[in-house]
Colleague: 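The structure is given below, and queries will be raised subsequently.
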Amino acid sequence: MTTATKTINVFIADPLSEDGIFPLRQEKDIDLNVIIDTGLAPEELIAKIGDVDVLLVRSQTTVTREVIEAAKNLKLIGRAGVGVDNIDLAAATEHGIIVVNAPDGNTNSAAEHTIAMMTSLARHIPQAFNTLKNGKWDRKSYVGVELKNKTLGVVGFGRIGVEVAYRAKGQRMNIMAYDPFLTDERAKELGVTKSTVEEICAAADFITVHTPLLPETRNLINKEKFAMMKDGVRIINCARGGIINEDDLYDAIVEGKVAGAALDVFVSEPATDHKLLTLPQVIATPHLGASTIEAQESVAVDVSNDIIKFYKTGTVTNPVNMPSISKELLAQVEPFFELAEKLGSFLSQITAEPVKEINLSYAGEVANYDVRPLTSNALKGLLSKNHGNHVNDVNARYLSERIGMKINEHKTTTAKGFTSLITIEVKTANETHTVAGTLLNGLGARIVKVEDYVVDVVPQGHLLYIKNTDKPGAIGRVATKLAEKDINIATMQVGRAQVGGTAVMMLTVDNVVTDEDLAFVSQLENIDEVKAINL
């Protein structure tokens, strides 16, 4: 147990519910000095942060590197909410400062707001109210549709998506759900139909999005997706602006494909003059998804309790970045951090289905260490494709277990000719993939095995992973095709299990390889599979 020996200065830089910070006020075992000073300009915060031990913010205050470097005593930054875009996580980690957030506090609020928006959209409630306020009793113009027996497509099936589904089922709606980590078993347990985004677009009467905003999800719902949808579909976005392409949504409404949209978020906010707001089929609110008394109190309570827990136990419940570890442990395992993460990232990019099980084998000298941080880094690499910056060394295991992934660690002194060897195997419902890597003295990290094939590849940059039939001319044909696309090959490794059987090529290239380029190469004779890997 960690007991504070001095007064802990807790600086609250944004307005928070007084009930939310009540745990700090009533704490008796730790001497907490709560300072509330809101609405500060950046230079004012920098001037006052020097002796602060804990900084507590919402979304208004931006915690920059300059703020962090001016905070000589800062140990913890608390974000009363989910997003931490306003906090420089890299600077915080670099300075040994733990960042915590409140990922569960606004789940109920956001789910309820989504259902409220969907119902209002279906029954034209805002439009009818405005007409009535303007002195007109108009019943004919606002004939709505029922939710009962309609199909709701939920794109993004995390905490909020699941809560939306629970509520929609109460309306006797049929639920289709997409999430890259949703398994068949989990879908059956929740009574939803596991679907692709394309299947949802083709079949749903209402579509609501609840994914994080990542490169993979930006403009996820776009012109092509709207073309797949039923005429008269209704769209809801209470997640993040940018998941739905706003220009394409505008066009789809004007053209009559989309009957209406309910929006709580926009790409640029405030959005008071957005062209979507000129359409009578659109209803909107000014980013109110988490704006309930209960949610504001809940997120503040969660962060307040984490502050107390940190000073009593040295641990936190909702870490966002990597907490401090002992210098001795760090010295032992730090050289393997990047390797473990790159191996996980590699597997994420060759695995097409949700991972149900991951087996991590540590062999040789690395098996003598505490490998838990390495497992966290491997999981971070595996999950980051779909979770982006939300996943980190600390919460990677938690996120993996939350989606039902089984994690197995194994140690052995036998490293098959290497000083240390890390082997990671992932299993899905229909696939098993394996990759192994090591550190070579003076040469750095290497991928030394992919599936059953021995290779020697530096895990960085743009890679091409190609499976082919082991016949003469395959390498030359691939090189020629890439040259036609002006893609330069930096290195090439080949491996095979037996003559004339399946072989692999691992190419390092100088360019990002597009889907069009992959299709171009995959048309070649004896080429079975082509995947782009970005490390």
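Along the sequence shown, residues carry numbers from 1.
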Colleague: State whether a side-chain donor-acceptor pair under 3.5 Å links E216 with N386.
Modeller: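 The criterion, which ignores hydrogens and geometry beyond distance, is not satisfied for N386 and E216.
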
Colleague: Grab the two heavy atoms, one from L213 and one from G242, that are nearest each other, plus how far apart they are.
Modeller: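 That closest heavy-atom pairing would be CD1-C, 3.9 Å.
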
Colleague: Could you please spell out the steps behind the salt bridge (charged side-chain N to carboxylate O under 4.0 Å, His left out) verdict for E484 and R477?
Modeller: CA-CA 11 Å; E484 291 179 32; R477 286 191 291 270; over 6 Å; no

Colleague: Return yes if a side-chain donor-acceptor contact under 3.5 Å exists between N222 and N245, otherwise no.
Modeller: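 No, no side-chain donor-acceptor pair sits under 3.5 Å.
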
Colleague: Just wondering, are more than 12 heavy atoms of other shown residues or ligands nearer than 6.0 Å to NZ in K411?
Modeller: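 Buried by this count: over 12 neighbours within 6.0 Å.
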
Colleague: Quick check against the 3.5 Å criterion: does D470 have a side-chain atom that pairs as donor or acceptor with the backbone of A503?
Modeller: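 Checking the backbone N and O of A503 against the side chain of D470, no donor-acceptor pair under 3.5 Å is found.
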
Colleague: Does the Y362 side chain pair with the main chain of T375, one donor and one acceptor, at a distance under 3.5 Å?
Modeller: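 Flag set: sc Y362 to bb T375 pair under 3.5 Å.
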
Colleague: Would you name the heavy atoms of L343 and I447 that are closest together and state the gap between them?
Modeller: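 That closest heavy-atom pairing would be CD2-CG1, 4.0 Å.
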
Colleague: I'd like to know whether K169 forms a side-chain contact (heavy atoms from CB on, under 4.5 Å) with I175, so could you lay out the CA-CA distance, the side-chain angles of the two residues, the decisive distance to 0.1 Å, and finally the verdict.
Modeller: CA-CA 7 Å; K169 285 176 70 68; I175 312 299; 3.7 Å; yes

Colleague: Taking atom CZ as the centre, does R240 end up with more than 12 heavy-atom neighbours from other residues, nucleotides or ligands that are less than 6.0 angstrom away?
Modeller: no

Colleague: Verify whether one side chain among E66 and T64 offers a donor that lies under 3.5 Å from an acceptor in the other.
Modeller: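 Present: a donor and an acceptor within the cut-off.
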
Colleague: Tell me, with the steps shown, if D486 and N511 meet side-chain contact (heavy atoms from CB on, under 4.5 Å).
Modeller: CA-CA 9 Å; D486 200 28; N511 317 63; 5.6 Å; no

Colleague: Might you confirm whether atom CD of Q493 has over 12 heavy atoms from other residues, nucleotides or ligands at distances under 6.0 Å?
Modeller: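 Yes, because the 6.0 Å sphere around CD of Q493 holds more than 12 heavy atoms from other groups.
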
Colleague: Where do R79 and V303 land on the side-chain contact (heavy atoms from CB on, under 4.5 Å) test, with the steps shown first?
Modeller: CA-CA 7 Å; R79 164 68 165 95; V303 174; 5.8 Å; no

Colleague: Just by distance, with hydrogens left out, do T412 and H410 show a side-chain donor and acceptor under 3.5 Å apart?
Modeller: no

Colleague: Between K471 and E525, does any side-chain N to carboxylate O distance fall below 4.0 Å?
Modeller: no

Colleague: Let me know which of T432, N408, I407 forms a side-chain contact (heavy atoms from CB on, under 4.5 Å) with E357.
Modeller: N408

Colleague: Indicate yes or no for a side-chain donor-acceptor contact from S195 to the backbone of T193 under 3.5 Å, with no hydrogens or angles considered.
Modeller: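 Present.
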
Colleague: Distance under 6.0 Å and angle within 45° of the ring axis: does K485 meet both against F520?
Modeller: yes

Colleague: Give a yes or no answer on whether the side chain of T217 reaches the backbone of P212 with a donor-acceptor pair at less than 3.5 Å.
Modeller: yes

Colleague: Using the rule side-chain contact (heavy atoms from CB on, under 4.5 Å), only one of V513, D517, L464 pairs with L482; which is it?
Modeller: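 Only match with L482 under side-chain contact (heavy atoms from CB on, under 4.5 Å): L464.
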
Colleague: Within a radius of less than 6.0 Å around CZ of R218, do more than 12 heavy atoms belonging to other residues, nucleotides or ligands occur?
Modeller: no

Colleague: If you measure from the Lys or Arg side-chain nitrogens to the Asp or Glu carboxylate oxygens, is any gap between K467 and D528 under 4.0 Å?
Modeller: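 D528 and K467: not salt-bridged.
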
Colleague: Check whether S522 reaches the backbone of A519 with its side chain - one donor and one acceptor, N or O, closer than 3.5 Å.
Modeller: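 Pair found, side chain donor or acceptor close to backbone of A519.
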
Colleague: Rounded to the nearest 0.5 Å, what's the gap from CD1 on I487 to CG on D510? Could you check?
Modeller: 10.0 Å

Colleague: Could you check whether any side-chain N or O of K342 sits under 3.5 Å from a backbone N or O of L535, counting only pairs where one atom can act as donor and the other as acceptor?
Modeller: yes

Colleague: In terms of side-chain geometry, is the basic nitrogen of E431 or K427 positioned less than 4.0 Å from the acidic oxygen of its partner?
Modeller: no

Colleague: Examine the side chains of K356 and T183 and answer whether a donor and an acceptor come within less than 3.5 Å of each other.
Modeller: no

Colleague: Please enumerate all residues that pass ring-ring contact (aromatic ring centres under 6.0 Å, His included) together with F226, with sequence neighbours excluded.
Modeller: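 With sequence neighbours excluded, F226 shows a ring-ring contact (aromatic ring centres under 6.0 Å, His included) to no residue whatsoever.
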
Colleague: S348 and S345: which non-hydrogen atoms are nearest, and at how many Å?
Modeller: OG-O, 2.7 Å

Colleague: Specify the closest pair of heavy atoms between M506 and Y465, including all atoms of both residues, with the distance to one decimal.
Modeller: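 Answer, listing the atom of M506 first, then Y465: SD-CD1, 3.4 Å.
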
Colleague: Compare every heavy atom of L360 with every heavy atom of A378, then report the nearest pair and how far apart it is.
Modeller: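 Looking at all heavy atoms of both residues, the shortest contact is CB-CD2, 3.7 Å.
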
Colleague: Step through the shown structure and confirm whether more than 12 heavy atoms of other residues, nucleotides or ligands are within 6.0 Å of CD on E189.
Modeller: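 Buried by this count: over 12 neighbours within 6.0 Å.
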
Colleague: Begin with the C-alpha distance, continue with both residues' side-chain angles, and end with the deciding distance and a verdict on side-chain contact (heavy atoms from CB on, under 4.5 Å) for F157 and H210.
Modeller: CA-CA 7 Å; F157 213 58; H210 297 284; over 6 Å; no

Colleague: Side chains of T107 and E163 only: does a donor on one sit below 3.5 Å from an acceptor on the other?
Modeller: no

Colleague: With distance as the sole criterion, is a donor-acceptor pair present between the side chains of H433 and E451 under 3.5 Å?
Modeller: yes

Colleague: Which atoms form the tightest heavy-atom contact between I307 and L56, and what is the distance?
Modeller: CD1-CD2, 4.4 Å

Colleague: Less than 4.0 angstrom from a charged side-chain N to a carboxylate O is my criterion; do K188 and E185 meet it?
Modeller: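 Salt bridge: no.
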
Colleague: If only atom types and distance count, is the side chain of S109 paired as donor or acceptor with the main-chain N or O of N106 below 3.5 Å?
Modeller: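 It does not hold such a pair.
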
Colleague: Verify whether one side chain among T491 and T508 offers a donor that lies under 3.5 Å from an acceptor in the other.
Modeller: yes

Colleague: Donor-acceptor check, side chain of N86 to backbone of R58, threshold 3.5 angstrom: yes or no?
Modeller: yes

Colleague: Report the distance from atom CG of N101 to atom CG of D306, rounding to the nearest 0.5 Å.
Modeller: 9.0 Å

Colleague: Does one side chain, of N534 or Q349, offer a donor that lies under 3.5 Å from an acceptor on the other?
Modeller: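 The answer is no; no qualifying pair exists.
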
Colleague: Under the 3.5 angstrom rule, does the side chain of N174 hit a backbone N or O of T151 as a donor-acceptor pair?
Modeller: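 Pair absent, no side-chain N/O of N174 close to backbone of T151.
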
Colleague: Assess the side chains of N377 and R372: does a donor N or O sit below 3.5 Å from an acceptor N or O?
Modeller: no

Colleague: Taking the side chain from K194 and the backbone from V192, do they hold a donor-acceptor pair closer than 3.5 Å?
Modeller: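 No, because the side chain of K194 does not come within donor-acceptor range (under 3.5 Å) of the backbone of V192.
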
